[in-house]
Amino acid sequence: MKRFFPSLLGLTAVVVLALDPPCSTAQQSLTWEQVKARFEAANPTLKADALNVDEMRAQEITANLRPNPQFTLSQDGTQIAPSNGVWQPLVGTYVVPTLSYLHERDHKRELRTESAKEGTQIAASQHEDLKRTLEFTLRGAFVNTLQAKAILELARADLEYYDHIIQISRDRFKDGDIAQIDLDRIELLRVQYETEIQSAIVNLRTAKIQLLQLLNDRTPVEKFDVDGPFDYSDALKPLDDFRQTALDARPDLRAALETIQQSQTNHKLAISNGSTDPTFSAWYTYNSSNNNPNGIQTLGASVNIPLRIFDHNQGEKQRTLIDIDKSQQTSDATRAQVFSDVDSAYAQVESDLALLRPYKAKYKDQATRVRDTVTYAYQHGGASLMDMLNAQSDYRTVQLAYLQLIGSYLNAAGQLNLAVGREVMQ
């Protein structure tokens, strides 16, 4: 029976695993690239704006359409009252089918099509700019989630360490080294650590909820998680490199330059629309009334040329000319904004790095060393209660500040990516 019992346990475990596999309760842990891919595929705001680009592309078809020919069917020559005692109403009736076509001159259709295509390019650039802005928000939510996870882990580690201090204090109380009031003070302070854990849990859930909203995902918060490096890189390229990359990659600047090009095309179109477009017509007549008694079947033609004496499309010509200058000014303002954004984000990254370096190189280790040394001294009666509590508080302050600085650095790196127009810092 002893030999059979372990085998029975193993069989039971296999059955349990088959009925309830561990992966069914496992969290989804997504990397940044996976989060970004899901965002691009599912975010409703981004998808709705993409449809705007499709609409602009459909307008290219409309702009390239030729004018439709016009078909007219007219009838005349029907006698409606007797004359000289004779009434033959249909003898002199004739029907005239007419076909006419408006001929557009000076490349109107080509210019309309070119303007529509440039409008599509602008819409596509603006869509990329919206994507850039939303990905910055997404990146911020992703970083906040990683930061909340790190702070929660720190809070739990602090509570575990503080429970060790409480046990030391209880041992000292049993030995008569400290009074009851000192033990009570130490145990009462435990509520601060419990509060920090609960606050960290709420912050983590809030960050995950924001992330799920951007992903348009209905996964329960408990089954959703992200993973990635929560650290900083000390390498930072020169400012001029980021400036040049921004000039090449920023979609809003590209849209501004494309707007100038479209404004110039629209001005050419306004000039073209000021020209005269003739209408050619041709018609066929049977039983027509003309000077040729044998001309029963006749063919006619005409050219209709509007006399543009007063209207030369002057207003649109002037408006589109002004629009060129306005687009140029907007482009210059956007270019200045690009430099401002890059410089501000770069300065923030430099500032965060300047603060992070001493924390990583010295302050973190010093805080840990002081805390452990004072705790050891307190355990053996060589340090006061206040010294031990202050050392623990200083350790928490330094470690929390370090995590917050990393979060600030990652957000500043995201701000720099936003300013440049593509990911240049992870």
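Just so you know, these numbers use all the heavy atoms, side chains as well, and skip hydrogens, waters and symmetry mates.
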Checklist entry - With a distance cut-off below 6.0 Å to the six-membered ring centre and an angular limit of 45° from the axis, does Arg396 pair with Tyr193 as a cation-pi contact? => result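 Yes, Arg396 lies over the aromatic ring of Tyr193.
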Item to check | cation_pi(Lys360, Tyr232) dist<6.0 Å, angle<=45 | outcome: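 Yes, Lys360 and Tyr232 form such a contact.
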Closer than 3.5 angstrom, by distance alone: can the side chain of [X] be matched with the main-chain N or O of [Y] as a donor-acceptor pair?
{"X": "Asn43", "Y": "Thr45", "result": "yes"}
{"X": "Ser272", "Y": "Asp106", "result": "yes"}
{"X": "Arg132", "Y": "Leu418", "result": "yes"}

Item to check | Stepwise salt bridge (Lys or Arg N to Asp or Glu O under 4.0 Å) test for Lys131 and Asp49 | outcome: CA-CA 9 Å; Lys131 178 183 174 183; Asp49 190 70; over 6 Å; no
Checklist entry - Considering the options Arg105, His103, Lys108, which one meets the side chain to side chain donor-acceptor pair (under 3.5 Å) requirement together with Asp277? => result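 So, applying the side chain to side chain donor-acceptor pair (under 3.5 Å) to Asp277 and each of Arg105, His103, Lys108, only Lys108 qualifies.
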Next on the checklist: Between Arg156 and Glu196, does the salt bridge (Lys or Arg N to Asp or Glu O under 4.0 Å) criterion hold? Intermediate values first, please.
Outcome noted: CA-CA 9 Å; Arg156 286 171 173 167; Glu196 289 178 0; over 6 Å; no
Next on the checklist: With a 6.0 Å cut-off on the ring centroids, do Phe242 and Tyr346 count as close?
Outcome noted: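 Phe242 vs Tyr346: aromatic centres under 6.0 Å.
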Checklist entry - So do Lys237 and Met425 actually touch side chain to side chain, heavy atoms under 4.5 Å? => result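 Of all side-chain heavy-atom pairs linking Lys237 with Met425, none is under 4.5 Å.
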Item to check | Gln328-Asp332 side chain donor-acceptor pair, cut-off 3.5 Å | outcome: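 Distance-only check passes for Gln328 and Asp332.
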Identify all side-chain donor-acceptor contacts of residues 50-58 below 3.5 Å with residues at least two apart in sequence or on another chain.
{"from": "Asp54", "atom 1": "OD1", "to": "Arg57", "atom 2": "NH1", "distance (Å)": "3.3"}

